[in-house]
Enquirer: 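Pasting a structure here, questions to come.
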Amino acid sequence: MSSDKKAVLHWGDGKSTEFPVLTGTIGPEVVDIRSLYGKTGMFTYDPGFMSTACATSRITYIDGDEGVLLYRGYSIEQLAQSCDFLEVCYLLLNGELPNAKQRGEFVNTVTRHTMVHDQLNRFFTGFRRDAHPMAVMVGVVGALSAFYHDSLDINNPEHRKISAFRLIAKIPTIVAMTYKYSMGQPFVYPRNDLSYSENFMRMMFAVPAEEYKMNPVLVRALDRILILHADHEQNASTSTVRQAGSSGANPFACMAAGIACLWGPAHGGANEACLNMLEEIGDASKIPEFIKQVKDKNSNVKLMGFGHRVYKNYDPRAKLMRETCHEVLNELGLHDDRLFKLAIALEKVALEDEYFVSRKLYPNVDFYSGIVQRALGIPVAMFTCIFALARTVGWIAQWAEMVGDPENKIARPRQLYAGAPRRDVVPLEKR
Ligand code: ACO
């Protein structure tokens, strides 16, 4: 939204240029510098987007200083308390929470899209059994565009809606198939009488030889993991999805791009890296030595699950995740879980250490999510796939918002060129 405010840039020999200042509903104002190059012949320089808003969005809001996360204006705490994952999906996609009728229809539609084309099964056999599950996910999700030609017209709102349903419904099936393939177990087909999270748990853990018994506490914990990871404004993978989509690429291809970006240990791969780190530390007596390594700039060791580009306070999702961790471990009689106790001890040491305090480094969502997932029986290598499953709705909501935005342009950043200036090719015999 425009305001009467202007930002003035003084440059060159006494020149000055005005730029409009835009205000959102909450959060920092932004200087609209789209005309900067035209007016001054200069670009801005902002590697890693430290101070750059790349889109107008109405979906998610974060106040990193206060530790606040809102989906469509609702706090993550209230949503995690009062809603299930599919209600949150409806909210992210449509802007409002569903009423009972809308909820029923939405759940019914998602449920009826959970099966994947039977030929997609063959993709899995092309991968080694020991392939990293995220490698399989990038390939198989990208391949969906080869199966669902009838919903690829991105300018058709109905097609965008069908693709959103297909993605939200089929990703759990694909994640579970990825796991089953790695285990050498048969795929378990979805069942329409189960809830979204129940269905996923069954596809992951049921085997044909026996009846699968559902534990409601664990199902609820999974549902909460999904809610907490559903969206997070313009993070690395979401902006990757937007960037890929800005060229007009189809939504399945864009999701594959998002999954690839999420895989990195600085982003969604942190939950896997965090659990591996806890295993490596092994024992509370080793914490001081580990913290010393983290503080040594030459060591390249990071305290995984700590720190965040936006949160300079406790990540609200980490608080909820720690609560869920307690619930799950109590339910399973694992009050004394070695890694959970170690994580709590490590968190306490870090939160009192000057290095972390002065840099405002707090636990992020990944610090506890690995412990919960491990307790649910999900293997470490699958952790980031669960994140991808949850984030799919955020990616597709943000993608659809971008495609429908009249201000959308192909994302084409510029650069500060520091390479060789123009020169002539020297003939081969003279080089
Ligand atoms: N351990 C040790 N030091 C850290 C950590 C950490 N986890 N995170 C940041 N720092 C230090 C940096 O070394 C830097 O120190 P300096 O000022 O002395 O150079 C300072 O804190 C600022 O950190 P930056 O790297 O500049 O912060 P940035 O915003 O670029 O990075 C990131 C954020 C990538 C999340 C970083 O904190 C990190 O690598 N954390 C560990 C990985 C992780 O948990 N990722 C999950 C993020 S949440 C998510 O994706 C769901």
Side-chain angles (χ1 to χ4, degrees), residues 46-52 60 62 64-65 67-69 71 76 80 134 224-241 258-278 280-281 287-322 324 343 346-373 380 383-395 398:
D46 188 17
F49 304 112
M50 300 293 287
S51 296
T52 297
T60 294
I62 305 172
D65 294 323
V68 171
L69 170 60
Y71 292 165
I76 191 69
M134 285 295 276
R224 184 173 259 200
I225 292 176
L226 302 185
I227 292 172
L228 298 185
H229 288 83
D231 194 44
H232 213 227
E233 147 333 11
Q234 309 309 320
N235 57 84
S237 55
T238 300
S239 29
T240 299
V241 168
I259 293 170
C261 177
L262 186 74
W263 191 0
H267 191 13
N271 50 18
E272 178 178 345
C274 181
L275 207 91
N276 291 337
M277 171 194 77
L278 291 172
E280 266 170 43
I281 299 172
I287 292 176
E289 193 189 320
F290 175 73
I291 293 284
K292 207 169 139 200
Q293 276 181 4
V294 169
K295 294 190 318 195
D296 174 3
K297 287 285 167 200
N298 300 318
S299 73
N300 255 337
V301 177
K302 285 216 158 149
L303 175 49
M304 300 312 285
F306 254 70
H308 197 275
R309 170 62 60 79
V310 184
Y311 292 118
K312 302 301 166 197
N313 200 328
Y314 213 100
D315 179 340
R317 303 168 302 170
K319 268 190 204 139
L320 293 159
M321 198 56 87
R322 194 169 63 174
T324 302
L346 185 57
E347 177 190 333
K348 188 166 182 299
V349 171
L351 290 179
E352 288 168 1
D353 189 298
E354 203 279 328
Y355 175 94
F356 297 92
V357 174
S358 63
R359 288 170 178 77
K360 298 188 176 164
L361 300 171
Y362 290 86
N364 60 51
V365 66
D366 288 328
F367 195 67
Y368 287 105
S369 75
I371 299 174
V372 181
Q373 293 194 47
V380 179
F383 287 0
T384 316
C385 298
I386 307 295
F387 194 157
L389 191 178
R391 186 54 60 83
T392 296
V393 63
W395 288 332
Q398 299 264 356

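One-based numbering, in listed order, for ligands and for the atoms of each.
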Enquirer: Would you say F290 and M277 make side-chain contact, with heavy atoms under 4.5 Å?
Expert: yes
Enquirer: Would you say K295 has more than 12 foreign heavy atoms packed within less than 6.0 Å of its NZ?
Expert: yes
Enquirer: Distances under 3.5 Å, N/O of ligand 1 against N/O of the protein: list each pair and its distance.
Expert:
| from | atom 1 | to | atom 2 | distance (Å) |
| --- | --- | --- | --- | --- |
| ligand 1 | 1 (N) | L303 | N | 3.0 |
| ligand 1 | 3 (N) | Y355 | OH | 2.9 |
| ligand 1 | 7 (N) | L303 | O | 2.7 |
| ligand 1 | 7 (N) | F306 | O | 2.9 |
| ligand 1 | 13 (O) | K297 | NZ | 3.0 |
| ligand 1 | 15 (O) | K297 | NZ | 3.1 |
| ligand 1 | 15 (O) | R359 | NE | 3.2 |
| ligand 1 | 18 (O) | K297 | NZ | 3.0 |
| ligand 1 | 18 (O) | R359 | NE | 3.1 |
| ligand 1 | 18 (O) | R359 | NH2 | 2.9 |
| ligand 1 | 29 (O) | R309 | NE | 2.7 |
| ligand 1 | 30 (O) | R309 | NH2 | 3.0 |
| ligand 1 | 39 (O) | K302 | NZ | 3.4 |
| ligand 1 | 40 (N) | F306 | O | 2.9 |
| ligand 1 | 44 (O) | G305 | N | 2.9 |
| ligand 1 | 44 (O) | N364 | ND2 | 2.9 |
| ligand 1 | 45 (N) | A266 | O | 3.1 |
| ligand 1 | 50 (O) | H267 | ND1 | 2.9 |

Enquirer: Find the distance between SG (C385) and CD (E272) and round it off to the nearest 0.5 Å.
Expert: 9.0 Å
Enquirer: Please identify each residue that fulfils side-chain hydrogen bond (donor to acceptor under 3.5 Å, both in side chains) with H232, with sequence neighbours left out.
Expert: Y311
Enquirer: Is D315 reaching over with its side chain to a backbone N or O of P363, donor-acceptor style, under 3.5 angstrom?
Expert: no
Enquirer: Among I227, V365, D366, exactly one meets side chain to side chain contact (heavy atoms under 4.5 Å, CB included) together with R317. Which residue is that?
Expert: V365
